[in-house]
Amino acid sequence: MSRSLFDETPLPDAPPERLAPGALLLRGFALGEAQALVQAAEQVMARAPPRHLVTPGGRTMSVGMTNCGVLGWVSSRTGYRYDRNDPLSGRPWPRMPDCFAELALRAAAQAGFAGFRPDACLINRYAPGTRLSLHQDRDEGDLSAPIVSVSLGLPAVFLFGGAQRHDRPARWHLAHGDVAVWGGASRLAFHGIAPLADGDHPSLGRQRINLTFRRAG
Ligand code: SIN
Ligand code: FE2
C-alpha cells in the first residue's frame with residue numbers, strides 16, 4: 001500500500017519512534033484535535049502577530065514567531081530572553097489556550113514525563129523555503145521539564161543531533177499532527193528544521209505551524 005505525502009493517518013499501533021535517549025516522536029498524536037489547535041493558534045496570532053525576530057548577531061530570522069502563555073521567548077540585538085509582555089504591544093502575551101496545555105500535558109506523559117505544566121508556548125510559522133538553524137533550547141529556567149513540539153500544516157524535515165553542535169543530526173520527517181518530545185538526556189540536544197519544501201496543505205495551505213511548549217519560569 002502506498003501512502004501519499006498528505007496521508008497523515010498514523011499506521012495502526014505504530015510505536016513511538018525513539019530519536020535519542022529521552023527523545024520520542026509520537027506520530028499523529030495530535031491529529032484528532034489538529035483542527036482545534038489550528039483555530040486556537042490563529043486566535044493567538046490575530047492578537048500577537050508572528051514577527052521576524054533579530055538575533056543577537058544581527059541576523060533576521062526567516063521563521064515568523066509569536067507566543068502565548070505567561071512567558072514568551074524573544075530575541076533581539078541584546079540577547080535571547082523570556083518576557084511576560086509582547087514587546088510589540090507592551091501587553092501580556094495571549095493566554096495559553098486550554099487545548100494547548102492539555103495536549104502538551106498528555107504528550108509529555110505519553111513520552112514518560114508526567115506532570116508537565118508548560119508556562120510558555122512559542123508559535124513558529126514557516127513559509128516555503130524558510131528554515132531554523134541548529135540550536136539548543138537553553139533559555140528555560142527548568143531544564144528538568146521536557147520540550148513538547150507539535151507540527152501542523154506542511155511536512156518538514158526535523159534535524160535532531162546530540163549535545164555538541166558538531167554532532168551530525170539525524171533527519172526525521174514531521175507531518176501534520178506529529179508530536180516530538182525531548183527531555184532528560186536529550187534536553188539540550190541540538191535541533192533545527194531544514195528549508196521547508198513548498199506544498200499546499202489541505203487545512204493550512206502553504207505554511208507550517210509549530211507549537212513548542214516549555215517550562216520557562
Ligand atoms: C523549535 O526548535 O523551536 C521549533 C522546531 C520545529 O519547528 O519543529
Ligand atoms: Fe528549539
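Quick note: numbers below take in every heavy atom, side chains included, and nothing from hydrogens, waters or symmetry partners. As the structure is a prediction and not an experimental result, all values here were calculated from the model. Numbers for residues simply follow the sequence, beginning at 1. Whatever order the structure lists ligands and atoms in, that order sets their numbers, starting from 1.
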Novice: Please confirm whether the backbone N or O of Pro49 pairs with a side-chain atom of Arg51, one donor and one acceptor, at under 3.5 Å?
Specialist: yes
Novice: Any donor and acceptor pair, going by atom type alone, linking the side chain of Arg117 with main-chain N or O of Leu105 inside 3.5 Å?
Specialist: no
Novice: Is any side-chain heavy atom of Val44 closer than 4.5 Å to a side-chain heavy atom of Trp93?
Specialist: no
Novice: Tell me, please: is Met65 in heavy-atom contact with ligand 1, that is, under 4.0 Å?
Specialist: no
Novice: What protein heavy atom sits nearest atom 7 (O) of ligand 1, and how far away is it?
Specialist: Tyr126 OH, 2.5 Å
Novice: Does ligand 1 have any atom sitting under 4.0 Å from a heavy atom of Ser149?
Specialist: yes
Novice: For the residue pair Val74 and Arg81, establish whether any side-chain heavy-atom pair is separated by less than 4.5 Å.
Specialist: yes
Novice: Are any of the N/O atoms in His135 less than 3.5 Å from those in ligand 1?
Specialist: yes
Novice: Return the closest protein heavy atom for atom 3 (O) of ligand 1 as residue, atom name and distance.
Specialist: Asn124 ND2, 3.4 Å
Novice: Is there a polar contact between ligand 1 and Ser151, counting only N or O atoms under 3.5 Å apart?
Specialist: no
Novice: Against heavy atoms of Leu132, which atoms of ligand 1 measure under 4.0 Å?
Specialist: 1 (C), 2 (O), 3 (O), 4 (C)
Novice: Please work out, at 4.0 Å between heavy atoms, whether the side chain, the backbone, both, or neither of Arg131 comes within that distance of ligand 1.
Specialist: neither
Novice: Please could you name the atoms of ligand 1 that Arg214 approaches to less than 4.0 Å, counting only its heavy atoms?
Specialist: 3 (O)
Novice: Would you say that Val150 contacts Phe213 through its side chain, given a criterion of any heavy-atom pair below 4.5 Å between the two side chains?
Specialist: yes
Novice: Which of the atoms in ligand 1, numbered in the order shown and given with their element, are less than 4.0 Å from a heavy-atom of His191?
Specialist: 2 (O)
Novice: Return all protein N, O or S atoms below 2.8 Å from the Fe ion (ligand 2), chain by chain in residue order.
Specialist: His135 NE2, Asp137 OD1, His191 NE2
Novice: Side chains of Val148 and Pro118, heavy atoms from C-beta outward: is any pair under 4.5 Å?
Specialist: no
Novice: Do the side chains of Phe190 and His166 get nearer than 4.5 Å, heavy atoms only?
Specialist: no
Novice: Quick one: sort the Phe160 and Trp182 rings into parallel, tilted or perpendicular, breaks at 30° and 60°.
Specialist: perpendicular
Novice: Is any side-chain heavy atom of Ile193 closer than 4.5 Å to a side-chain heavy atom of Phe158?
Specialist: yes
Novice: Classify the side-chain pair Asp137/His191 by whether it contains a donor and acceptor separated by less than 3.5 Å.
Specialist: yes
Novice: Do we see a donor-acceptor contact under 3.5 Å between the side chains of Arg208 and Ser151?
Specialist: yes
Novice: Which atoms of ligand 1 have any heavy atom of Arg208 under 4.0 Å away?
Specialist: 6 (C), 7 (O), 8 (O)
